[in-house]
Amino acid sequence: MTDSILYEGKSKYICAGKDEYSLVIHYKDTATAFNGEKKEELSGKGRLNAAISNLIYKFLEKNGIETHLINVIDNTSILVKKAEIVQVEVIVRNTAAGSFSKKYGVDEGTALSNPTIEFSLKSDELGDPMINASHITAVGIASCSELDEMARQSLIINELLSGLFIKAGISLIDFKLEFGRYDGRLILCDEISPDSCRLWDTGTEEKLDKDRFRRDLGNVLEGYREVLRRLESVC
Ligand code: TMP
Ligand code: ASP
């Protein structure tokens with residue numbers, strides 16, 4: 001069944017839900033990086049990301065974090081609460097990597113003394129630039145209390161997920177979250193998957209995430225499959 005698409009993003013598309021308070025999200029097999037400049041179809045990626053994100057969201061719900069997930073429809077589709085997405089991405093880092101290493105000259109793999117939090121404007125045209133709290137409130141993207149609440153939840157999510165992944169022999173290096181306004185509350189939306197996290201094998205530091213695609217390391221989906229296999233053994 002192909003319902004009419006309300007919105008198509010780079011890795012997911014969205015259709016109407018069962019009522020005005022819900023939506024259906026479909027995961028696609030498309031992998032993109034560098035704001036869509038690099039793009040490839042990786043057959044099975046949608047199913048893997050959906051499975052991984054669903055496991056994580058159910059784990060977070062059990063641990064007191066409200067997410068958009070209502071129920072799983074099939075291998076690549078979920079029914080979610082229809083939230084108004086806050087137009088910033090929240091990035092949490094435990095270990096220096098990626099743009100942090102590049103920008104601040106800190107070697108990849110250097111442990112950070114405290115988790116860092118940063119915000120990026122959700123804008124493909126502008127390349128998701130980093131944006132600070134005073135900019136966000138100044139242009140009315142979110143209020144001070146919403147920013148505090150997103151930061152508070154993000155740090156709790158970091159604690160919960162770092163603990164979960166470590167049981168699976170995986171270090172949670174960094175990750176990106178998106179929140180939405182729903183019935184007067186801020187809830188966790190979007191996905192948490194190897195597309196949106198850096199996940200390294202704790203022993204070997206082998207990358208199991210989308211850096212395999214970004215950096216042409218090969219065997220992209222083998223990394224994703226390994227993440228799912230290990231998460232299933234601890235969830
Ligand atoms: P960065 O080091 O490139 O800033 O990425 C930090 C984290 O955010 C990393 O886990 C990947 C994730 N991320 C996304 O989910 N979407 C994006 O568009 C970007 C740039 C990063
Ligand atoms: N998600 C972004 C893109 O599709 C960038 C990234 O994940 O590296 O271009």
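Counting starts at 1 for both ligands and their atoms, in listed order.
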**Report entry** Side-chain ion pair, Glu222 and Arg229, N-O less than 4.0 Å
**Finding:** no

Report summary line: Residue set satisfying side-chain hydrogen bond (donor to acceptor under 3.5 Å, both in side chains) with Lys58, at least two apart, ordered chain then number -> none

**Report entry** Counterpart residues, side-chain hydrogen bond (donor to acceptor under 3.5 Å, both in side chains), relative to Lys38 (two or more places apart)
**Finding:** Asp216

Query raised in the report: Is a salt bridge present between Glu191 and Lys45, judged by a nitrogen-to-oxygen distance below 4.0 Å?
Result: no

Report task. Mind jotting down which protein residues get a heavy-atom contact under 4.0 Å with ligand 1? Chain and number order, please. Result -> Ile91, Arg93, Ala97, Gly98, Ser99, Asp128, Asp174, Phe175, Lys176, Asp195, Ser196, Cys197, Arg198, Arg214

Report task. Please test Asp174 against Thr116 for side chain to side chain contact (heavy atoms under 4.5 Å, CB included), starting from the C-alpha separation and ending with a verdict. Result -> CA-CA 9 Å; Asp174 57 32; Thr116 66; over 6 Å; no

Report task. For ligand 2, list the protein residues that place a heavy atom within a distance below 4.0 Å of one of its atoms, sorted by chain and number. Result -> Lys10, Thr32, Ala33, Phe34, Asn35, Gly36, Lys210, Arg214

Query - Aromatic ring pairing His26/Tyr13, orientation class (parallel under 30°, perpendicular over 60°, tilted between) - result: parallel

Query raised in the report: Looking just at side-chain N and O atoms, do Ser145 and Asp148 make a donor-acceptor pair shorter than 3.5 Å?
Result: no

Query raised in the report: Any ion pair linking Asp183 and Arg185 (charged N to carboxylate O, less than 4.0 Å)?
Result: yes

Query raised in the report: Given Ser77 and Asp74, is the side chain to side chain donor-acceptor pair (under 3.5 Å) satisfied, shown in steps?
Result: CA-CA 5 Å; Ser77 313; Asp74 61 29; 3.0 Å; yes

